[in-house]
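To keep things clear, I will list the structure first and then write my remarks on it.
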Amino acid sequence: MKLLRYGPAGQEKPGLLDSDGAIRDLSGVIPDLAGDALAPGALAKIAAIDPASLPKVTGNPRLGPPVTGMKNLVCIGLNYADHAAETGSPIPKEPIVFLKSLNALSGPNDDVVIPRNSVKTDYEVELAIIIGTRAKYVSEENALDHVAGYAVGNDVSEREWQAERGGAWDKGKGFDTFGPLGPWLVTKDEIPDPQNLAMFTDVDGVRQQDGSTRTMIFGVKQVIAYVSQCITLNPGDVIFTGTPPGVGLGKKPAPVFLKAGQVMKLGIAGLGEQQQKLVPSS
């Protein structure tokens with residue numbers, strides 16, 4: 001299934017995408033895509049519903065983040081071998097874990113705001129894991145039992161604040177709008193192998209990132225198991241799992257960063273595409 005949330009920011013309703021690409025309203029079935037609604041039993045009940053029996057949503061509504069009510073927006077840094085190479089960084093011995101502010105979370109096609117005085121805003125297409133059941137001290141063997149599904153994420157980053165302002169990556173990653181997610185949550189049954197997904201980023205129609213989850217250093221199972229040792233993962237929590245090469249920071253002979261007015265388009269095979277326009281901070 002492809003599950004989504006639609007409507008104005010802060011007033012989104014749950015929905016699903018039918019086989020014709022139309023949105024069907026789920027608000028009569030579940031309050032929202034959060035908490036217990038993401039558990040295996042709840043997802044199975046939704047899957048058993050004939051989409052044609054649900055109200056069809058007309059028009060072209062805004063899409064919000066496909067889940068809500070999360071407590072943690074976790075990210076993994078330098079998790080692609082080819083991305084580590086382009087930045088001149090050694091391969092991490094353990095996952096590099098940091099957090100994005102929940103204020104960073106935004107809809108898949110919402111504008112991304114370049115922070116005031118920023119000159120090093122960058123893009124990062126990432127496979128996002130959406131947690132369905134509480135995960136604490138889980139094993140790699142059982143890690144996928146806690147996954148509701150996957151989505152496209154853009155780990156927008158301000159590199160000066162990330163690396164040149166006294167440490168702590170969180171600062172450069174947590175600006176408002178720096179976490180577009182969606183367009184939808186694709187349930188894990190539709191993604192049998194999350195370690196073999198093509199992914200891309202275009203800026204103004206020019207391909208910048210062209211990678212695959214095959215080059216992840218720590219795979220989905222490893223990431224969930226590792227993070228659960230130090231952060232209790234709750235239903236609706238999201239883990240951004242790292243980015244392939246091609247980011248602006250890694251461009252040669254010199255980095256190339258984003259500017260207001262540019263448009264980013266990102267996608268992952270089987271998970272859909274998202275697009276954001278970059279706008280200046282007010």
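Counting heavy atoms from C-beta outward, L266 and F200 have side chains that stay 4.5 Å or more apart. Using a 4.5 Å cut-off on side-chain heavy atoms (C-beta onward), Q276 and D111 make no contact. Looking at heavy atoms from C-beta onward, E273 lies out of side-chain contact with P183 at the 4.5 angstrom threshold.
Sequence neighbours left out, the pairs with a member in residues 88-99 that pass side-chain hydrogen bond (donor to acceptor under 3.5 Å, both in side chains) are T87-S89, E94-Y226.
Looking at Y6 and D25, their side chains do bring a donor and an acceptor atom within 3.5 Å of each other. For the residue pair K136 and T232, a side-chain donor N or O sits within less than 3.5 Å of a side-chain acceptor on the partner. Inspection of the R134 and N234 side chains reveals no N or O donor paired with an N or O acceptor under 3.5 Å. Donor-acceptor pairing under 3.5 Å is lacking for the side chains of E160 and S118. Side-chain contact of T133 with H146: a donor-acceptor pair under 3.5 Å is present, judged by distance alone. Judged purely by distance below 3.5 Å, without hydrogens or angles, the side chains of S53 and D50 never pair a donor atom with an acceptor atom.
Criterion: ILVMFWY side-chain heavy atoms under 4.5 Å apart, direct or through other members. Under it, I96 and V74 are not part of a common hydrophobic cluster. Taken together through direct or relayed side-chain contacts under 4.5 Å among Ile, Leu, Val, Met, Phe, Trp and Tyr, L78 and W161 form parts of separate hydrophobic clusters. Under the 4.5 Å side-chain heavy-atom criterion for grouping Ile, Leu, Val, Met, Phe, Trp and Tyr, V203 is not connected to V113 through any hydrophobic cluster. Residues V119 and V256 are members of separate hydrophobic clusters, defined by side-chain heavy-atom contacts under 4.5 angstrom among Ile, Leu, Val, Met, Phe, Trp and Tyr. Neither F218 nor F98 shares a network with the other; the hydrophobic side chains, linked directly or stepwise wherever heavy atoms of I, L, V, M, F, W or Y lie under 4.5 Å apart, form separate groups for each.
Within the hydrophobic cluster formed by Ile, Leu, Val, Met, Phe, Trp and Tyr side chains joined at under 4.5 Å, directly or through other members, L102 is accompanied by M1, L3, L16, L26, V29, I30, L33, L38, L43, I46, I49, L54, V67, M70, L73, L105, I130, L181, L185, V238, F240.
Nearest heavy atoms, V263 versus Q275: CG1-CG, 3.5 Å. When all heavy atoms of E124 and S157 are compared, the closest pair comes out as OE2-OG, 3.6 Å. Closest non-hydrogen pair, G182 versus P108, comes out as C-CB, 3.7 Å. For Q274 against P180, the heavy-atom pair with the smallest separation is OE1-CB, 3.6 Å. What you find for N79 and G242 is that their closest heavy atoms are CB-CA, 4.2 Å. Looking at every heavy atom in both residues, D122 comes nearest to G248 through OD1-N, 2.8 Å.
Salt bridge annotation for K2-E190: present, with a cationic side-chain nitrogen under 4.0 angstrom from a carboxylate oxygen. At a threshold of 4.0 Å, the pair K120-E164 counts as salt-bridged, since one of the basic side-chain nitrogens sits closer than that to a carboxylate oxygen. Ion pairing between a basic and an acidic side chain is recognised when a charged N comes within 4.0 Å of a carboxylate O; D32 and R5 show such pairing. A salt bridge does not link E141 with K221: every distance from a Lys NZ or Arg NE/NH1/NH2 to an Asp or Glu carboxylate oxygen is 4.0 Å or more. The pair D170-K100 does not count as a salt bridge, with every side-chain nitrogen at least 4.0 angstrom from each carboxylate oxygen.
Looking only at distances, a side-chain donor or acceptor of T241 sits under 3.5 Å from a matching main-chain atom of L127. Remark: the backbone N or O of R214 is not paired with any side-chain donor or acceptor of N196 at under 3.5 angstrom. Looking at R116, its side chain never comes within 3.5 Å of a backbone N or O of S281 through a donor-acceptor pair. Of the possible polar contacts, one joining the Q209 side chain to the V125 backbone as a donor-acceptor pair under 3.5 Å is found.
In this view, E126 satisfies the salt bridge (charged side-chain N to carboxylate O under 4.0 Å, His left out) rule with no residue, not counting sequence neighbours.
Both tests do not hold together for R159 against F257: distance to the six-membered ring centre under 6.0 Å, angle to the ring axis within 45°.
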